[in-house]
Amino acid sequence: MEELELTSSIISKSTSSGLVKLLANQNKGIILSPEVFDILNKLLKSDEDNATGDVQLLCKLFSGERCSYHYSTEESRVIPANTPFSILGSTQVLNVAKLIARMDHGYGLVDRFLLAFPLAFRPTLTEMETAANYLGTEVVDDFQECFKNVNDHGQLHFTFDQDAQQLLRHNIDQFVAEVNEAIKDGKIPPKSKMPELVPRMAAALHVLNHTMNDLLAGVPTSPPPTQISKSTLENATEFVQHLESQKGILCQVS
């Protein structure tokens with residue numbers, strides 16, 4: 001039952017109306033695909049050609065807004081405010097460039113995505129053997145307990161400790177100052193959702209690190225603390241800045 005509850009919220013391929021229906025019924029969802037280009041391209045193309053509002057749906061989900069959809073052939077669908085939703089997938093660099101070109105039209109959808117471009121070096125046989133030995137002895141074999149722990153606790157309310165709160169306020173004020181300065185100088189302000197992305201990444205790292213530390217120590221997983229530390233926030237900030245710099249380069253090329 002617990003596994004079914006988790007997997008029923010995972011989407012690998014869906015139409016726009018199917019996505020709305022799942023989110024309205026399950027009140028949570030995640031697009032998870034080894035080739036995420038197909039589903040995103042379909043949503044963006046549908047919005048472009050038919051003005052279906054798919055881009056607006058993705059923007060509202062990111063902002064946690066309540067969404068209501070009315071169809072002539074089926075009952076109305078309501079997605080509650082703050083519905084947990086995320087998109088995780090991989091694709092090729094050329095496909096990413098196509099998606100960015102289609103999303104980068106001023107409504108801010110591209111600013112809501114974090115894109116990672118790892119160096120795709122081919123490993124030597126020795127490196128592959130070393131990695132296989134490491135994976136067989138030093139890491140977790142079964143992640144079911146990790147997923148179960150995250151899923152069982154539902155929507156937890158996390159806060160930052162005092163030092164992290166001060167750092168977060170400083171970073172947000174600095175970002176706002178950069179935006180206002182650019183507007184005063186008649187320049188294009190920074191295109192980023194850093195103030196929103198960093199706390200979300202910090203929360204994800206906080207939960208993942210706590211759960212993985214328990215599993216690697218060989219003890220039963222426990223609920224993560226509700227306070228996020230300054231060090232976790234610093235790591236999240238550095239990671240998001242790196243990903244944003246990669247996306248900025250690709251946006252200029254595309």
| field | Interatomic distance, Glu238 atom CD to Leu233 atom CG [nearest 0.5 angstrom] | value | 12.0 Å
| Out of curiosity, Met201 CE to Glu196 CD, how far, rounded to the nearest 0.5 Å? | 13.5 Å
| said: In the structure I gave you, are the side-chain heavy atoms of Arg66 and Ile79 within less than 4.5 Å of one another anywhere? | reply: no
| said: Going by the rule side-chain hydrogen bond (donor to acceptor under 3.5 Å, both in side chains), which residues pair with Ser76 if we only count those two or more places apart in sequence or in a different chain? | reply: His70
| request: With the side chain counted from C-beta on, respond yes when Leu167 and Phe160 share a heavy-atom pair under 4.5 Å apart, and no when they do not. | output: no
| Do the non-hydrogen side-chain atoms of Leu114 and Glu244 ever get within less than 4.5 Å of each other? | yes
| Where the side chain of Glu127 meets the backbone of Thr124, is there a donor-acceptor pair that is under 3.5 Å apart? | yes
| message | Are more than 12 heavy atoms, taken from residues, nucleotides or ligands other than Phe239, located less than 6.0 Å from that residue's CZ atom? | response | no
| note | Correct closest heavy-atom pair for Val240 and Met194 would be CG1-SD, 3.2 Å
| Can you check whether Leu57 reaches Leu43 side chain to side chain, under 4.5 Å on heavy atoms? | no
| field | Candidate list Leu32, Leu22, Leu88, test side chain to side chain contact (heavy atoms under 4.5 Å, CB included), partner Ile10, passing option | value | Leu32
| said: Tell me whether Ser90 contacts the main-chain N or O of Pro34 through its side chain, where contact means a donor paired with an acceptor under 3.5 Å. | reply: yes
| field | Interatomic distance, Ile188 atom CD1 to Ile183 atom CD1 [nearest 0.5 angstrom] | value | 11.5 Å
| message | Are the side chains of Leu99 and Phe113 in contact, using a 4.5 Å heavy-atom criterion? | response | no
| Would you find a donor on one side and an acceptor on the other, under 3.5 Å apart, between the side chain of Asn95 and the backbone of Thr91? | no
| Inter-residue atom distance Gln241.CD - Gln246.CD, 0.5 Å rounding | 13.0 Å
| message | I'd like to know if the side chain of Ser14 and the backbone of Ile11 have a donor-acceptor N/O pair within less than 3.5 Å. | response | no
| query | So, Thr211 side chain and Val207 main chain: donor-acceptor pair closer than 3.5 Å or not? | reply | yes
| message | Assess the residue pair Leu109 and Cys59 against the criterion (side chain to side chain contact (heavy atoms under 4.5 Å, CB included)); give the C-alpha distance rounded to whole Å, side-chain angles, the decisive distance to 0.1 Å, and a yes or no. | response | CA-CA 6 Å; Leu109 181 60; Cys59 289; 4.1 Å; yes
| task | Apply side chain to side chain contact (heavy atoms under 4.5 Å, CB included) to Val96 and Phe37, showing your working. | result | CA-CA 7 Å; Val96 175; Phe37 173 79; over 6 Å; no
| request: Please list, chain by chain and in numerical order, all residues satisfying ring pair (Phe, Tyr, Trp, His ring centres under 6.0 Å) with Phe158, sequence neighbours excluded. | output: His206
| said: A side-chain contact here means heavy atoms from C-beta on lying under 4.5 Å apart; do Glu178 and Pro189 qualify? | reply: no
| query | Between His210 and Pro223, is there a donor-acceptor pair closer than 3.5 Å when you use the side chain of the first and the backbone of the second? | reply | yes
| query | Are any of the side-chain heavy atoms of Leu44 and Met103 separated by less than 4.5 Å? | reply | yes
| query | Side chain of Asp214, backbone of Ser222: donor and acceptor closer than 3.5 Å? | reply | yes
| said: Taking Lys60's backbone N and O only, do any of them form a donor-acceptor pair with Ser63's side chain (distance below 3.5 Å, no angle check)? | reply: no
| note | Heavy-atom nearest pair, Ile228 first then Ala203, reads CD1-CA, 3.8 Å
| query | How close do Pro195 and Phe175 get, heavy atom to heavy atom, and via which atoms? | reply | CG-CD2, 3.6 Å
| Which distance, rounded to the nearest 0.5 Å, do you find between the CG of Asp163 and the CD of Gln166? | 6.0 Å
| Can you name the nearest heavy-atom pair linking Leu197 to Arg112, along with the distance? | CD2-O, 3.9 Å
| query | Does Glu129 offer a backbone N or O that forms a donor-acceptor pair with the side chain of Asn133 under 3.5 Å? | reply | yes
| request: Following the transitive rule for hydrophobic clusters with a side-chain heavy-atom cut-off under 4.5 Å over Ile, Leu, Val, Met, Phe, Trp and Tyr, establish whether Val20 and Val78 coincide in one cluster. | output: no
| remark: Rounding to 0.5 Å, atoms OG (Ser86) and CD1 (Ile30) come to a distance of 3.5 Å
| query | Does Phe62 have Arg200 sitting over its ring (NZ/CZ under 6.0 Å from centre, angle to axis within 45°)? | reply | yes
| said: So if I apply the side chain to side chain contact (heavy atoms under 4.5 Å, CB included) rule between Leu115 and each of Leu243, Val93, Ile100, which one comes out positive? | reply: Ile100
| message | Is it the case that the side chain of Lys21 and the backbone of Ser16 share a donor-acceptor pair, with hydrogens and angles ignored and the cut-off at 3.5 Å? | response | no
| task | Determine whether Phe85 and Leu58 make a side-chain contact, defined as any pair of heavy atoms from C-beta on separated by less than 4.5 Å. | result | yes
